[in-house]
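Structure record follows, encoded as structure tokens.
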Protein chains: 2
Amino acid sequence: MVGAKILIIDDEAPIRKLLRVTLEAHGYTTLEAVSGQNGILKATMERPDLIILDLGLPDMDGVEALSQLREWCFAPIIVLTVRDDEAGKVFALDHGADDYVTKPFGMGELMARIRVALRHVGNQADEPVLVIGSLTIDLARRIVEKNGEPIRLTPIEYDLLKTLATNAGRVMTHRQLLQQVWGEQNYETASHYIRIYVGHLRKKIEDDPNRPQLLTTEPGVGYRLIAHS
Amino acid sequence: MVGAKILIIDDEAPIRKLLRVTLEAHGYTTLEAVSGQNGILKATMERPDLIILDLGLPDMDGVEALSQLREWCFAPIIVLTVRDDEAGKVFALDHGADDYVTKPFGMGELMARIRVALRHVGNQADEPVLVIGSLTIDLARRIVEKNGEPIRLTPIEYDLLKTLATNAGRVMTHRQLLQQVWGEQNYETASHYIRIYVGHLRKKIEDDPNRPQLLTTEPGVGYRLIAHS
DNA sequence: AACGATCTTTACGCCTTTTTGACGTGGCTT
DNA sequence: AAGCCACGTCAAAAAGGCGTAAAGATCGTT
């Protein structure tokens with residue numbers, strides 16, 4: 001991908017400058033952020049094709065930033081760090097990082113790893129916007145629209161819809177939904193929540209909430225959001 | 001991707017063994033090749049989901065093997081090597097390698113990098129769909145169709161059909177079915193359930209429920225779902 | 001302090017699924 | 001031929017899942 005847009009999240013000015021100069025010499029365009037919050041904001045606004053994230057940020061834990069980015073952002077993320085412990089690497093890689101480079105690093109290697117990461121997404125041009133029937137879900141802006149009209153959703157309603165939508169077409173069991181939306185809970189008491197919030201969601205997204213077309217019940221198993229269509 | 005098939009191309013037996021044991025402990029299935037030629041052959045024959053390639057091969061240059069694999073093989077390739085020169089890394093990454101790990105490496109890190117690589121191809125991997133005559137069973141989506149028409153099944157009906165279908169062609173005894181579907185029970189009382197639910201299933205999947213073609217009775221033993229068509 | 005929005009809890013009616021029980025059939029043995 | 005056993009079907013009872021409404025509880029904001 002030529003001329004890809006790359007976001008650099010790092011608090012150290014010299015590193016940022018080094019990266020910026022090198023990347024631009026290779027034909028990429030760059031964005032910079034000096035903190036985690038700022039980085040997440042820039043990622044939301046600018047939709048970069050790739051993100052270079054330094055884990056040693058002043059304002060928040062690097063892995064926390066990683067997790068927040070991965071909630072909606074599909075762009076590859078290359079983690080940069082001075083720490084060389086294996087546990088940290090594994091943790092970052094399992095939380096959404098696509099690669100992990102330890103400082104001090106060779107610029108040539110980093111550039112090659114960037115090319116690999118961009119090769120992976122190369123053609124598919126992933127817009128973080130899901131479309132299900134007349135419903136559009138913009139994960140980055142956290143906006144849900146039905147026939148172009150924005151829909152107000154409470155946090156839990158949104159998380160529930162997001163979980164269903166990112167797995168559109170397949171059944172999400174009660175247990176899976178509880179774990180994703182509420183974060184692990186005792187099953188019996190909580191399985192009731194789901195019915196209530198599915199009811200709320202249907203009132204907001206279905207044409208006829210009594211005869212659900214998008215969000216269907218799989219008796220005894222869970223719920224399913226139909227795929228694309 | 002659980003149970004992915006991983007091909008190990010390495011001429012050193014101890015390394016192969018270490019990788020095999022670790023990978024299989026993580027639930028993967030493994031293949032092994034001791035040379036480049038052999039590796040390319042095995043990749044052609046077995047279509048692994050991922051390849052671990054040691055660059056220090058006796059019979060051919062590692063990058064040459066890499067290039068030959070990439071001519072037709074889209075599975076992710078993780079390169080393993082003792083050399084730590086940056087030029088080699090860049091060369092390998094630019095010639096189709098998806099990742100590059102330098103020996104001695106941490107097993108945890110390698111496993112994490114394997115998970116990342118499999119995550120990239122994960123969603124586009126073909127789903128397991130069983131086909132029995134005019135019946136299709138999509139295990140991932142939990143959808144059963146007969147002549148293209150979806151069929152509604154209750155949880156027990158579905159579990160029963162799934163058990164029979166994953167063992168299509170062979171007889172499932174009453175005891176096996178009870179254990180799979182109901183989860184161990186006293187045999188005498190429960191063997192009755194099976195007849196009832198087999199009856200339900202036949203009504204839904206057979207053309208003529210009175211003359212079963214797909215789901216046949218093995219008197220005194222159990223039931224059998226015919227294999228494929 | 002009061003308000004509004006959201007989340008949690010409680011209650012209830014409906015419906016599907018599961019279990020239970022009863023009965024008929026056909027084949028095999030005695 | 002009678003009796004037994006495994007199989008198949010039917011239908012009623014029991015259990016439990018599903019959906020809705022509405023009353024507390026919680027939190028942040030004005």
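A, B, ... follow the sequence lines: proteins, then strands. Residue 1 opens every chain.
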(Q) Suppose we screen for ring-ring contact (aromatic ring centres under 6.0 Å, His included). Which residues come up paired with A/His95, at least two apart in sequence or across chains? (A)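 Expected list: A/Phe91.
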**Q.** Set of ring-ring contact (aromatic ring centres under 6.0 Å, His included) partners for B/Tyr197, sequence neighbours left out
**A.**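 With neighbours one apart ignored, the set is B/Trp182, B/His200.
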Out of [options], which nucleotide sits closest to the side chain of [X]?
X: A/His174; options: C/dT6, C/dT8, D/dC18; result: D/dC18
X: A/Arg152; options: C/dT6, D/dC18, D/dC7; result: C/dT6
X: B/Tyr197; options: C/dT18, D/dC18, D/dT9; result: C/dT18
X: B/Thr217; options: D/dG19, D/dC7, C/dT17; result: D/dC7
X: B/Thr154; options: D/dG17, C/dT17, C/dT8; result: C/dT17

**Q.** CA sep, side-chain torsions, deciding dist, call: B/Glu109, B/Arg113, salt bridge (charged side-chain N to carboxylate O under 4.0 Å, His left out)
**A.** CA-CA 6 Å; B/Glu109 177 182 352; B/Arg113 288 187 182 274; 3.0 Å; yes
To the nearest Å, give me how far apart [atom1] ([X]) and [atom2] ([N]) are.
X: A/Arg211; N: C/dC15; atom1: CZ; atom2: C1'; value: 16 Å
X: A/Leu178; N: C/dC7; atom1: CG; atom2: C1'; value: 15 Å
X: B/Leu153; N: C/dT16; atom1: CG; atom2: P; value: 16 Å
X: A/Ile194; N: C/dT8; atom1: CD1; atom2: P; value: 12 Å
X: B/Tyr223; N: D/dA6; atom1: OH; atom2: P; value: 12 Å
X: A/Lys203; N: C/dT6; atom1: NZ; atom2: C1'; value: 15 Å
X: A/Arg202; N: D/dT20; atom1: CZ; atom2: P; value: 7 Å
X: A/Leu177; N: D/dC18; atom1: CG; atom2: P; value: 11 Å

Do any side-chain atoms of residues 36-46 of chain A form donor-acceptor pairs under 3.5 angstrom with protein atoms, and if so which ones, sequence neighbours left out?
{"residue": "A/Lys42", "atom": "NZ", "partner": "A/Glu32", "partner atom": "O", "Å": "2.9"}
{"residue": "A/Thr44", "atom": "OG1", "partner": "A/Ile40", "partner atom": "O", "Å": "2.6"}

For residues 68-76 of chain A, which side-chain donor-acceptor pairs fall under 3.5 Å, sequence neighbours excluded?
{"residue": "A/Gln68", "atom": "NE2", "partner": "A/Glu64", "partner atom": "OE2", "Å": "3.0"}
{"residue": "A/Arg70", "atom": "NE", "partner": "A/Gly96", "partner atom": "O", "Å": "3.0"}
{"residue": "A/Arg70", "atom": "NH1", "partner": "A/Cys73", "partner atom": "O", "Å": "2.7"}
{"residue": "A/Arg70", "atom": "NH1", "partner": "A/Ala75", "partner atom": "O", "Å": "3.1"}
{"residue": "A/Arg70", "atom": "NH2", "partner": "A/Ala75", "partner atom": "O", "Å": "3.1"}
{"residue": "A/Arg70", "atom": "NH2", "partner": "A/Gly96", "partner atom": "O", "Å": "3.1"}
{"residue": "A/Arg70", "atom": "NH2", "partner": "A/Asp98", "partner atom": "OD2", "Å": "2.8"}

Hey, is the main chain of [Y] close enough, under 3.5 Å, to the side chain of [X] for a donor-acceptor pair?
X: B/Lys204; Y: B/Arg152; result: yes
X: A/Lys146; Y: A/Ile205; result: yes
X: A/Glu86; Y: B/Gly108; result: yes

Please list each protein N or O that sits under 3.5 Å from an N or O in nucleotides 11-16 of chain D, with the distance.
none

N/O (side chain, [X]) to phosphate O (OP1/OP2, [N]) under 4.0 Å:
X: B/Trp182; N: C/dT19; result: yes
X: A/Arg195; N: D/dC18; result: yes
X: B/Asn210; N: D/dG8; result: no

In chain order, what residues pass the side chain to side chain contact (heavy atoms under 4.5 Å, CB included) check against [X], with sequence neighbours excluded?
X: B/Val21; result: B/Lys17
X: A/Thr81; result: A/Leu55, A/Arg83, A/Tyr100
X: A/Asp11; result: A/Pro58
X: B/Glu206; result: B/Arg202, B/Pro212, B/Gln213, B/Leu214, B/Leu215

Q: Show the numbers, then the answer: is there a side chain to side chain contact (heavy atoms under 4.5 Å, CB included) between A/Asp94 and B/Arg115?
A: CA-CA 8 Å; A/Asp94 281 338; B/Arg115 285 193 290 275; 2.8 Å; yes
Q. Can you list, by residue number, the residues of residues 158-166 of chain A that have a non-hydrogen atom closer than 4.0 angstrom to DNA chain C?
A.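 Those residues whose heavy atoms fall under 4.0 Å from DNA chain C, taken from residues 158-166 of chain A, amount to none.
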Q.
Can you tell me if B/Lys162 has over 12 outside heavy atoms packed within less than 6.0 Å of its NZ?
A.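 At most 12 heavy atoms, drawn from other residues, nucleotides or ligands, come within 6.0 Å of this atom.
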**Q.** Enclosure of A/Arg142 CZ (heavy-atom neighbours >12, cutoff 6.0 Å)
**A.**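 Check passes, neighbour count above 12.
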(Q) Under 3.5 Å for both pairing distances: what stems, at least three Watson-Crick or G-U pairs long, include DNA chain D? (A)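 Output for stems: C:1-30 with D:1-30.
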For nucleotides 22-27 of chain C, tabulate all protein N/O to nucleotide N/O atom pairs closer than 3.5 Å, reporting atom names and distance.
{"residue": "C/dA22", "atom": "N6", "partner": "B/His192", "partner atom": "NE2", "Å": "3.4"}

